[in-house]
Each structure stands twice: as C-alpha cells, then as structure tokens.
Protein chains: 2
Amino acid sequence: MLDDLKTLVERLKAVSHPIRLRVLALLHSSELSVCQVAEILQVPQSSVSEALRELRRAGFVSERKEGRWVFVSVIPGFEGDPLLKGILMEALRLPEVEADRTRAGMVKGQAIAVVCGKVQAAETKEATRV
Amino acid sequence: MLDDLKTLVERLKAVSHPIRLRVLALLHSSELSVCQVAEILQVPQSSVSEALRELRRAGFVSERKEGRWVFVSVIPGFEGDPLLKGILMEALRLPEVEADRTRAGMVKGQAIAVVCGKVQAAETKEATRV
DNA sequence: TAGACTCATCGGAAATTTTCGAAATACAAA
DNA sequence: TTTGTATTTCGAAAATTTCCGATGAGTCTA
C-alpha cells in the first residue's frame, strides 16, 4: 500500500498542517459532515473542503454522500495503521484538539440542519455571542 | 514536552521531506558525521546540514562534536516515542531507505577521512563512475 | 420551477519552502 | 601562521503552499 518514499512524504505532509491535523483528530472518533466540521473548527467551509481533499488524497479519510451532505470519516480499519496511530496518540493530548472535541459534542447534540443551514442565523448568533 | 498543536505540526513538517526523512531513517540505527550522511545520500553537504538543522529544531536528533567532525544521531531514549516509532516503522520498509542503509554499511566500513576528505578525489570518482 | 443549502473548485495574492553554489566559520595539522 | 578539511550560513531565484471570497455544480424542499 505504501511502497515508496514520495508517498510516505505526501502522507506526512498531509497531516503537517493545523487545520488538517485538527480535522483528522476530529474524525478519528466520529463521522461528521463537512459543514459540521467547519462549524466545530470555526474556519471557512472552503478551507475544510480543501483540508479534506488532501486527507483523502493521502488515504486517511473517506467520504459518504447522503443527500446534500457529505459525511467524512477516517477510513475504517485504518486506525490500526502505525503511522496514523502515532500521530493521533500525540494529537489527542493537545488542548486545542480537546477543545475541538468538546465543541464537537455540542454540535452533535443538535440536528445537522440547525448547525449548518441558516447562514443568516449563524452570523447573527456569532455577532451577539461576542 | 509536546504540548501544543503548533509544535506537533512543526515536528511533522520536519519529517515531511525526502532528504530529512532519509536522514532520520539513517540515524535511527547509527551515529554518523555530516559528511558521511552527505556521501551516503549523494546530496550536497549544505543540504544535509540544513536537513539536520530542521530535525534538530524539531527535537529528533542531537549532535556531538569531535574535533572537526559533527556526529549526529537520534536523541537517545527517543526511539520509544510513539510518533517517531510510527514514522520509522513505515520508513524502514521503503526501498529507497533500504538502499541508503546498504550504502551506509559500505561507508561505515571505511575510515571517515577516506570517505569525507579529499574533495578532489571524491569528485573524480564521481566523474569516472558515470 | 424557484429558492435555499451543501460542497468543491477556482483565482490569485501573500507567505513559505526548497535548492545549492558560494562565502563564512571552526578546528586541526603542518 | 598557513593550509586543508568539516560544517554552517547566506543569497536569491524558483517552486510550492496557504488562504479565503466568489463562483459553480449538484441536491433538497416548497
């Protein structure tokens, strides 16, 4: 599966990025839609989409389409991969990642439509929160 | 030791590079001088020096000066680190890395002065080989 | 069909990385 | 001190990456 230097370097590069690493750590424990990830990480949706493209290219995550949503998760059975295991073992201890996972718990408690849709509502919520 | 996202990303970036990864894999099993590494990998010495600077900055390798030589190796006791372990487990299976290690065996069979010194000699050897 | 929504891709400017010869530094031997 | 060798740092052009708003493609719902 992983048989040359270039491929391994590409995989390492894929996780050498704050957003991509946070996404990977998030998906380690749960399947999420793209918009849920964007909401949890508080970054633009296009950034999440690009992060996922790299992680997919590197073979870490896979997607599943359901209606208008795209659910992404770490490729099943891949958690045993020594490289991924080592990376996650470190990542899951980080406070930033822990904060993401806390927020993920809150997001998962709500219906997707509430979290994602309503751009207007989300923006005002954002404005009033601060 | 590793307590924030930025630090982990920096460490991953440090190994996300062909030369740096090859250097790390080389040093995993033996202490070598900079010029030996350059000879084994067949890359300019300044490139090796820069690779080592990054690996040192990321905390993977340490150096030991002995006369005019600088010997580098993976930080002792660090082999147990889960991240490094996962990375090395993958790297050591690659044909490119295996080839490096074979060449390392040959280089280590010679005195350092023979391998390193004599820039002139090394260059002519290079020229005649091709 | 029209309108709302999810997501991927595009544009393209800014920032970062890569590369290696050349110059600088450090040390040793003569 | 002078010469030679090992290593680091510099310079600077080329390549790559990062970032996010805007656009577009596909999907649901009314």
Side-chain angles (χ1 to χ4, degrees), chain A residues 6 9-10 12-23 31-58 61-72 107 111-123, chain B residues 5-6 9-10 12-23 31-58 61-72 107 111-123 126:
Chain A
K6 193 157 167 282
V9 168
E10 289 311 314
L12 289 168
K13 256 191 216 172
V15 292
S16 301
H17 182 284
I19 295 181
R20 297 197 294 261
L21 190 53
R22 288 168 69 198
V23 170
E31 182 188 62
L32 291 169
S33 73
V34 177
C35 63
Q36 284 177 310
V37 174
E39 172 63 22
I40 292 165
L41 303 190
Q42 301 279 294
V43 299
Q45 179 259 323
S46 66
S47 297
V48 172
S49 187
E50 273 160 0
L52 286 168
R53 173 174 10 124
E54 293 307 309
L55 291 174
R56 216 180 302 124
R57 202 200 311 269
V61 309
S62 64
E63 64 176 42
R64 175 177 71 82
K65 291 193 185 181
E66 185 177 321
R68 52 185 152 174
W69 291 298
V70 171
F71 289 94
V72 283
V107 164
I112 287 191
V114 175
V115 175
C116 294
K118 279 107 189 187
V119 176
Q120 215 102 18
E123 270 170 4
Chain B
L5 183 69
K6 193 158 169 282
V9 167
E10 290 312 313
L12 288 169
K13 256 191 217 170
V15 293
S16 302
H17 181 285
I19 295 181
R20 296 197 295 261
L21 190 54
R22 287 169 70 198
V23 170
E31 182 188 63
L32 292 168
S33 72
V34 177
C35 63
Q36 285 178 309
V37 174
E39 172 63 23
I40 293 165
L41 302 191
Q42 300 279 293
V43 298
Q45 203 195 36
S46 66
S47 297
V48 172
S49 186
E50 273 157 1
L52 286 167
R53 175 176 5 125
E54 293 306 311
L55 291 174
R56 217 180 302 123
R57 201 199 313 267
V61 309
S62 64
E63 65 175 42
R64 176 177 70 82
K65 291 192 185 183
E66 184 178 321
R68 50 187 153 168
W69 291 297
V70 171
F71 289 94
V72 283
V107 164
I112 287 192
V114 176
V115 175
C116 294
K118 280 109 191 185
V119 176
Q120 215 101 19
E123 271 169 5
E126 189 64 25

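Predicted model only: the values in this text are computed from it and were never measured. Every chain is numbered from 1, with letters handed out A, B, ... down the list of sequences.
To the nearest angstrom, P of D/dT18 lies 15 Å from CZ of A/Arg22. Counting to the nearest Å, the P atom of C/dC5 and the CD atom of A/Glu66 are 19 Å from each other. Here D/dT18 presents its C1' atom at 16 Å from CG of A/Leu21, a figure rounded to the nearest Å. As rounded to whole Å, 16 Å separates atom P of C/dT17 from atom CD1 of B/Ile19. Atom pair A/Lys6:NZ and D/dT16:P shows a separation of 11 Å (rounding to whole Å applied). Spacing between atom NE2 of B/His17 and atom C1' of C/dT18 amounts to 6 Å, rounded to whole angstrom units. Counting to the nearest Å, the P atom of C/dC7 and the CD atom of A/Glu39 are 12 Å from each other. Distance, B/Leu32 CG to D/dA6 P: 15 Å, rounded to whole Å.
Note on B/Lys13: only backbone sugar-phosphate atoms sit closer than 4.0 angstrom, heavy atoms only; bases stay farther off.
Applying the salt bridge (Lys or Arg N to Asp or Glu O under 4.0 Å) rule to A/Arg20 yields no partners; only residues at least two apart in sequence or on another chain are considered. A/Glu50 pairs by the salt bridge (Lys or Arg N to Asp or Glu O under 4.0 Å) definition with nothing, not counting sequence neighbours. Partners of B/Glu10 according to the side-chain hydrogen bond (donor to acceptor under 3.5 Å, both in side chains) rule, which considers only residues two or more places apart in sequence or in another chain, do not exist here. For A/Ser47, there are no side-chain hydrogen bond (donor to acceptor under 3.5 Å, both in side chains) partners at least two apart in sequence or on another chain. Shown here are the salt bridge (Lys or Arg N to Asp or Glu O under 4.0 Å) partners of B/Arg56, two or more places apart in sequence or in another chain: B/Glu63. Checked against side-chain hydrogen bond (donor to acceptor under 3.5 Å, both in side chains), B/Glu54 has the following partners two or more places apart in sequence or in another chain: B/Arg57. B/Ser49 pairs by the side-chain hydrogen bond (donor to acceptor under 3.5 Å, both in side chains) definition with nothing, not counting sequence neighbours.
Comparing the end axes of the helix from C/dT1-D/dA30 to C/dA30-D/dT1, each fitted to five base pairs by superposing C1' atoms of four pairs onto the next four, gives an inter-axis angle of 20° (nearest 10 degrees).
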For nucleotides 7-9 of chain D, list the nitrogen or oxygen atoms of the protein found under 3.5 Å from its nitrogen or oxygen atoms, one pair per line.
| from | atom 1 | to | atom 2 | distance (Å) |
| --- | --- | --- | --- | --- |
| D/dT7 | OP1 | B/Val34 | N | 3.4 |
| D/dT7 | OP1 | B/Val70 | N | 2.8 |
| D/dT7 | OP1 | B/Val70 | O | 3.3 |
| D/dT7 | OP2 | B/Cys35 | N | 2.7 |
| D/dT8 | OP2 | B/Ser49 | OG | 2.6 |
| D/dT8 | O5' | B/Ser49 | OG | 3.2 |

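Shortest non-hydrogen contact noted between A/Cys35 and A/Ile112 is SG-CG2, 4.4 Å. Scanning both residues, A/Val15 and B/Leu12, for their nearest heavy atoms gives O-CD1, 3.6 Å.
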